[in-house]
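Computed from a prediction, not measured in an experiment: that's the story for all the values here.
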Amino acid sequence: MKANQIELTFSSLAENLSMARMVIASIGAQSNLSLNDIEDLKVVTSEAVTNAIVHGYRHQQNGIVRLAVEVSDQTLRIVVQDQGCGIEDIEQAMQPAFSSDPERMGLGFVFMKSFMDRLEVDSTLNEGTTVTMIKYLNPQPSSH
């Protein structure tokens, strides 16, 4: 089973969001995903990176965001990691419309859960958060 990996680290600046979206769109296209699936990947990557910048680093521009992508024959795995403030209550943070920033809609995790096949969030206060999202590339046909 062949796997391809790419890893980027970048400053916690909002302008780096478009670069992260471009990278994931390119990887999605190489994986022969549909345009809809590529759009979904761009959305979930944007949401995870935005969470790192807005919530993890609270808009501080000196943080580092890590975006790692691994593509195998079966899966596409996206990992977004920060070393920010962490999430106090992951279950609460994953509730629709919950946000620690009143300017935000609080739908990031909702999109990640609905657009990806698996979502894992690991967070430690004052150490950071790792969001792992997995998309199955060759879904098994469901048996009715």
Side-chain angles (χ1 to χ4, degrees), residues 1-31 33-140 142:
M1 174 166 89
K2 69 176 174 77
N4 187 14
Q5 297 179 22
I6 187 167
E7 187 172 318
L8 298 168
T9 53
F10 50 90
S11 299
S12 55
L13 300 168
E15 53 259 45
N16 287 331
L17 197 55
S18 58
M19 183 260 322
R21 288 173 58 90
M22 239 174 25
V23 166
I24 200 65
S26 297
I27 292 168
Q30 289 174 358
S31 301
L33 293 175
S34 71
L35 289 177
N36 283 341
D37 284 342
I38 292 170
E39 277 305 311
D40 290 352
L41 292 179
K42 287 165 53 178
V43 168
V44 299
T45 301
S46 289
E47 294 294 338
V49 170
T50 297
N51 281 355
I53 294 170
V54 170
H55 302 292
Y57 291 118
R58 297 185 171 124
H59 297 286
Q60 294 174 5
Q61 300 181 354
N62 60 343
I64 295 294
V65 178
R66 176 180 164 258
L67 170 65
V69 184
E70 181 180 300
V71 183
S72 71
D73 294 334
Q74 302 300 315
T75 60
L76 187 147
R77 175 189 310 262
I78 302 168
V79 178
V80 176
Q81 194 171 41
D82 67 64
Q83 295 169 332
C85 65
I87 301 171
E88 189 170 340
D89 184 338
I90 293 173
E91 199 171 306
Q92 181 184 38
M94 294 180 107
Q95 295 302 310
F98 176 82
S99 179
S100 63
D101 181 339
E103 301 291 313
R104 301 279 165 180
M105 292 189 331
L107 296 174
F109 283 130
V110 173
F111 290 140
M112 290 178 224
K113 268 197 239 181
S114 62
F115 293 167
M116 300 300 281
D117 295 307
R118 281 185 40 211
L119 171 65
E120 297 166 15
V121 180
D122 183 40
S123 189
T124 303
L125 284 179
N126 302 313
E127 290 184 22
T129 301
T130 301
V131 175
T132 303
M133 301 172 285
I134 297 174
K135 177 99 177 145
Y136 298 120
L137 298 177
N138 297 310
Q140 301 304 314
S142 59

In the structure I gave you, are the side-chain heavy atoms of [X] and [Y] within less than 4.5 Å of one another anywhere?
X: Val69; Y: Leu76; answer: yes
X: Cys85; Y: Arg58; answer: yes
X: Asp37; Y: Lys135; answer: yes
X: Ile78; Y: Leu67; answer: yes
X: Leu17; Y: Thr50; answer: yes
X: Asn51; Y: Val131; answer: no
X: Val54; Y: His59; answer: yes
X: Thr132; Y: Leu119; answer: no

For Thr130 and Gln81, which I'm curious about, is there any donor-acceptor pair between the side chains at under 3.5 Å? yes
So how far is it from [X] [atom1] to [Y] [atom2], rounded to the nearest 0.5 Å?
X: Tyr136; Y: Met116; atom1: OH; atom2: CE; value: 10.0 Å
X: Met133; Y: Asp40; atom1: CE; atom2: CG; value: 11.5 Å
X: Leu33; Y: Ile24; atom1: CG; atom2: CD1; value: 9.0 Å
X: Gln60; Y: Ser12; atom1: CD; atom2: OG; value: 7.5 Å

Surrounding [atom1] of [X] (heavy atoms of other residues, nucleotides or ligands, distance under 6.0 Å), is the total greater than 12?
X: Leu35; atom1: CG; result: no
X: Arg66; atom1: CZ; result: yes
X: Gln83; atom1: CD; result: no

Under 3.5 Å: donor-acceptor pair, side chain of Glu127, backbone of Ser123: no
Kindly give the heavy-atom pair with the smallest separation between [X] and [Y], and that separation in Å.
X: Arg21; Y: Ser46; answer: NH1-OG, 2.8 Å
X: Phe111; Y: Val44; answer: O-CG1, 3.8 Å
X: Ser31; Y: Val71; answer: OG-CG1, 3.5 Å
X: Ala25; Y: Lys42; answer: CB-CD, 3.7 Å
X: Val65; Y: Tyr57; answer: CG2-CE1, 4.1 Å
X: Leu137; Y: Ser72; answer: CD1-O, 3.4 Å

